[in-house]
Amino acid sequence: MSTQPAPAPLLIACALGIEHFALRTGDRGGAGGPYSVVRTGMGPKAAERSVHRQLALPAFADAAVLATGFCAGLAPGMHPGDLVVADETRDARATVACVATELLVKELVRLLPGRTVHTGPLTGSDHVVRGPERSQLLATGAIAVDMESAATLRTAVRTGDRPVAAVRVVVDAPEHELVRIGTVRGGISAFRVLRSVLPAFFEWHRSLLLPRR
C-alpha cells in the first residue's frame with residue numbers, strides 16, 4: 001500500500017519582532033498545510049542567512065516561501081494600512097518573479113474589504129529609505145521598498161525550485177513618513193492589517209498543493 005508524500009510546507013518570513021507577533025496572534029487556524037513563521041532579523045544579510053538556514057532543514061527543503069511584514073510605499077497617495085502584493089522582487093543581485101499573485105490579491109480584497117491593494121515591483125534596500133530617495137526608487141518602476149523581501153525570495157529560489165511570493169503592509173508612505181518603527185506598537189492600521197493576512201497566505205499555499213491538470 002503506497003502512502004502519499006507529505007505536502008510541501010509554507011515558510012513565512014518576516015524581519016521584526018512586532019511583525020512576528022502580529023502574524024502569530026493573527027493565527028486562528030485554517031492552514032492549508034504545514035507552515036512556519038520565522039523571524040529573520042532586520043536587513044538583507046540577516047534575511048539571506050536565516051532563510052538559507054531554514055531551507056537547509058530536510059522538513060523545509062521543498063517549502064514555498066512568502067516574505068511579509070511592513071514596507072515603505074513609494075507612490076503618492078499610498079497610506080499606512082495599504083497592502084502591496086509584489087509581482088516581482090528586485091535588488092542589485094537579482095529579480096525574482098512571484099507566483100499566483102492574482103489569487104493573493106483576490107483573497108486579500110475578500111478578507112479586508114475597503115483596504116487598497118497595490119500590485120507591482122517591490123524593491124530591496126539595505127537601509128531605511130526616506131525623502132528624495134523615494135522618488136528615485138519610484139522612477140525605477142517600483143511601488144514599495146523594504147529591506148528583506150528581495151533577499152528572502154532570491155535566497156529561496158537559489159536553493160531550489162519553489163513557489164515564492166511577497167506581501168507587505170504599508171507603514172510608511174510619502175505623505176506619512178514614520179519617525180521610528182516602534183510607533184507601530186501604538187496600534188496603527190498597519191499592525192491590525194498584518195494580523196489579518198494569514199488566511200490569504202494559507203489559501204495561496206492551499207492552491208499550490210492542488211494537483212495540476
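In this structure, T40 contributes its side chain and C14 its backbone to a donor-acceptor pair below 3.5 Å. In terms of modelled atom types and a separation under 3.5 Å, the side chain of E19 and the main chain of L16 share a donor-acceptor contact. Counting only distance, with no hydrogens or angles, the side chain of H127 and the backbone of S125 share no donor-acceptor pair below 3.5 Å. Distance alone, capped at 3.5 Å, places no donor-acceptor pair between the S50 side chain and the A46 backbone. Between the side chain of R168 and the main chain of V84, no donor-acceptor pair closer than 3.5 Å is present. Under a 3.5 Å cut-off, the side chain of R195 and the backbone N or O of L23 do not form any donor-acceptor pair. Remark: the backbone N or O of H52 is not paired with any side-chain donor or acceptor of T155 at under 3.5 angstrom. Formation of a donor-acceptor pair under 3.5 Å by the H205 side chain with backbone atoms of A8 is found in this model. The closest donor-acceptor contact from the side chain of E148 to the backbone of P44 lies at 3.5 Å or more, if one exists at all. Under a 3.5 Å cut-off, the side chain of T95 and the backbone N or O of D91 do not form any donor-acceptor pair.
For the atom pair CG (L138) and CD1 (I143), the distance works out to 9.5 Å, reported to the nearest 0.5 Å. Between the CD atom in E102 and the CG atom in L104 there is a gap of 9.0 Å [rounded to 0.5 Å]. Considering CG of L208 and CZ of R162, their distance stands at 12.5 Å, rounded to 0.5 Å. Between D82 atom CG and T116 atom OG1 the span is 4.5 Å, to the nearest 0.5 Å. Taken from CG in D146 to CZ in F70, the straight-line distance is 12.0 Å, to the nearest 0.5 Å. If you take NE2 on H118 and SG on C71, they are separated by 9.0 Å, rounding to the nearest 0.5 Å.
Looking only at side-chain heavy atoms (C-beta outward), L194 and F191 stay at 4.5 Å or farther from each other. Residues P9 and Y35 fail the side-chain proximity criterion, which asks for heavy atoms closer than 4.5 Å.
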* From CA spacing to verdict: side-chain hydrogen bond (donor to acceptor under 3.5 Å, both in side chains), T89, R154 -> CA-CA 8 Å; T89 59; R154 169 169 42 79; over 6 Å; no
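Within the structure, no pair that satisfies the side-chain hydrogen bond (donor to acceptor under 3.5 Å, both in side chains) test touches residues 53-77, not counting sequence neighbours.
In this structure, the side-chain contact (heavy atoms from CB on, under 4.5 Å) partners of T101, at least two apart in sequence or on a different chain, are V85, C98. Applying the side-chain contact (heavy atoms from CB on, under 4.5 Å) rule to E107 yields the partners L103, R110, A200, E203; only residues at least two apart in sequence or on another chain are considered.
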